[in-house]
Amino acid sequence: MYLIAILGNSLILFVIKTQQNLHQPMYLFLSLLSVTDLGLSLSTLPTMLSVFLFNTREMGIDVCLTQLFFIHTFSMMESSVLVAMAFDCFIAIRHPLRYASTLTSARIGLAIIIRASGLNIPSVILLKRLPYSKIQPLSYSYCLHSDVMKMACADVTSSSFYGLFVILSSLGLDSVLIVLSYIMILQTLLSITSWQERLKALNTCVSHICVSLLFYTPLISLSMIHRFKKQALPQSQILLSYLHLLFPQCSIPLYTA
């Protein structure tokens, strides 16, 4: 799956870069999505390989916090790109004549990067200030915010509340915006009289819908498991976490093909 993600997304970037006719908002957003998937792959792959291939079981706190920052930053960037692509579909269907002038991919991409990194830098700073004196195994083969907090020997209330704020203001808000975008898309489709035109317009959003479901479904399932973890198998949480990171990375090249 890592090979599919890395080779597939690299091929997408190469094709979009070399083909001038693909320098359009839709494909530029797709290239940004591929960049975030490559970032997630490169953020999780080193420690996963070290655990499963070389049985390396220890990691320094600085390395762990660095990995945590990049994993959460790229995950948030991917969610933001999915929102931008949903809005891109809406503009292409609702205002096709103004499509090229409405979206400025470079500015949106810069805003996505600033938003993701700006929200996650305070998380790392809050965790860095905590003392870590007890040894406790992580739940996954990479570092995540909730796992690192368990190893701290101090009050983690501020870090916990800020982590909740980040989730709600990023992934939570993004999922709502995507749903609202598709509600407006459906309203636009209902105003089209021809069924052929409706299907043609909807076809432009099918891949995005599938990728969004693959990204958010494991995430929502993880939240449900945290809520009802007494009735869930411990392995299900770990499996869904891997699926949440790996499936969207592989699905982008497959749906593009």
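One-based numbering along the sequence shown. Everything quoted here is computed from the prediction, not taken from an experiment.
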### Any donor-acceptor N/O pair, Ser34 side chain to Leu30 backbone, under 3.5 Å
yes
### Query
Do any N or O atoms from the side chain of Ser31 and from the backbone of Leu28 form a donor-acceptor pair under 3.5 angstrom?
yes
### Query
Short question: side chain of Asp88, backbone of Ala84 - any donor-acceptor pair under 3.5 Å?
no
### Summary
dist His145:NE2 -> Leu65:CG (nearest 0.5 Å) comes out at 9.5 Å
### Query
Should we count OH of Tyr162 as having more than 12 external heavy atoms under 6.0 Å?
yes
### Message
Has Ser191 got a side-chain atom pairing as donor or acceptor with Thr188's backbone, closer than 3.5 angstrom?
### Response
yes
### Message
Quick check: closest heavy atoms across Asn120 and Ala116, and the distance to 0.1 Å?
### Response
ND2-O, 2.8 Å
### Task
Give the intermediate values and the outcome of side chain to side chain contact (heavy atoms under 4.5 Å, CB included) for residues Leu13 and Leu38.
CA-CA 10 Å; Leu13 291 173; Leu38 284 174; 3.5 Å; yes
### Message
Tell me if a side-chain donor or acceptor on Glu78 pairs with a main-chain N or O of Thr36 at a distance below 3.5 Å.
### Response
no
#### Entry: Which atom of Cys89 lies closest to which atom of Tyr182, heavy atoms considered
SG-OH, 4.5 Å
### Task
With sequence neighbours excluded, tell me which residues meet salt bridge (Lys or Arg N to Asp or Glu O under 4.0 Å) with Asp155.
none
### Message
Rounded at 0.5 Å granularity, tell me how far CZ in Phe74 sits from OG in Ser43.
### Response
5.0 Å
### Query
Which value, rounded to the nearest 0.5 Å, describes the distance between Ile167 atom CD1 and Leu173 atom CG?
12.5 Å
### Main-chain N/O of Ser117 paired to Thr73 side chain as donor or acceptor, under 3.5 Å
no
### Transitive ILVMFWY side-chain link Met76 to Ile178, under 4.5 Å
no
### Query
Is a side-chain donor-acceptor pair under 3.5 Å present for Ser170 with His72?
no
### Heavy-atom pair with the smallest gap, counting every atom of Ile185 and Ala86
CD1-O, 4.0 Å
### Message
I need the Thr157 OG1 to Leu126 CG distance, nearest 0.5 Å.
### Response
11.5 Å
## Note on the structure
Which of Val51, Thr56, Leu49, Asn55 passes side chain to side chain contact (heavy atoms under 4.5 Å, CB included) with Leu53? It is Leu49
### With sequence neighbours excluded, residues passing salt bridge (Lys or Arg N to Asp or Glu O under 4.0 Å) with Arg115
Asp174
### Task
Using modelled atom types only, decide if a donor and an acceptor are shared between the side chain of Tyr132 and the backbone of Leu127 within a distance under 3.5 Å.
yes
### Task
Search all heavy atoms of Ser75 against all heavy atoms of Leu40 and return the closest pair with its distance.
OG-CD2, 3.5 Å
### Task
Step by step, work out the side chain to side chain contact (heavy atoms under 4.5 Å, CB included) result for Leu82 and Tyr216.
CA-CA 10 Å; Leu82 291 174; Tyr216 286 105; 4.1 Å; yes
### Query
So, do Ile112 and Ile108 sit near enough that their side-chain heavy atoms are less than 4.5 Å apart?
yes
### Pairs meeting criterion salt bridge (Lys or Arg N to Asp or Glu O under 4.0 Å) with involvement of residues 8-19, two or more places apart
none
### Cluster overlap Ile125 with Leu68, hydrophobic side-chain contacts below 4.5 Å
yes
### Message
Please evaluate residues Thr44 and Ile71 with respect to the criterion side chain to side chain contact (heavy atoms under 4.5 Å, CB included), reporting the C-alpha separation (whole Å), side-chain torsions for both, the decisive distance (0.1 Å), and the verdict.
### Response
CA-CA 7 Å; Thr44 57; Ile71 289 176; 3.6 Å; yes
### Task
Tell me whether the centres of the aromatic rings in His208 and Phe29 are closer together than 6.0 Å.
no
### Task
Using modelled atom types only, decide if a donor and an acceptor are shared between the side chain of Tyr142 and the backbone of Cys64 within a distance under 3.5 Å.
no
### Task
To the nearest 0.5 angstrom, please state how far the CG atom of Leu186 sits from the CZ atom of Phe90.
11.5 Å
### Message
Membership question, hydrophobic clusters at under 4.5 Å side-chain separation (ILVMFWY): are Val156 and Phe161 in the same one?
### Response
no
#### Entry: Single-linkage hydrophobic cluster, 4.5 Å side-chain cutoff, Val166 and Met149 together
no
### Message
Apply side chain to side chain contact (heavy atoms under 4.5 Å, CB included) to residues Asn9 and Phe14 and explain how you reach the verdict.
### Response
CA-CA 9 Å; Asn9 285 294; Phe14 174 77; over 6 Å; no
### Side-chain donor or acceptor of Ser50 paired with backbone N/O of Thr47 under 3.5 Å
yes
### Message
Looking at every non-hydrogen atom in both residues, tell me the closest pair between Ser175 and Gly172 and how far apart they are.
### Response
OG-O, 2.7 Å
#### Entry: pair Met85-Val211: side-chain heavy atoms closer than 4.5 Å
no
### Message
Starting from Ile121, can I reach Ile113 by hopping between I/L/V/M/F/W/Y residues whose side chains sit under 4.5 Å apart?
### Response
yes
### Message
If I compare all heavy atoms of Gln67 with all of Cys143, which pair ends up nearest, and what's the gap?
### Response
OE1-N, 3.0 Å
### CG on Leu33 to OH on Tyr27, rounded to 0.5 Å
14.5 Å
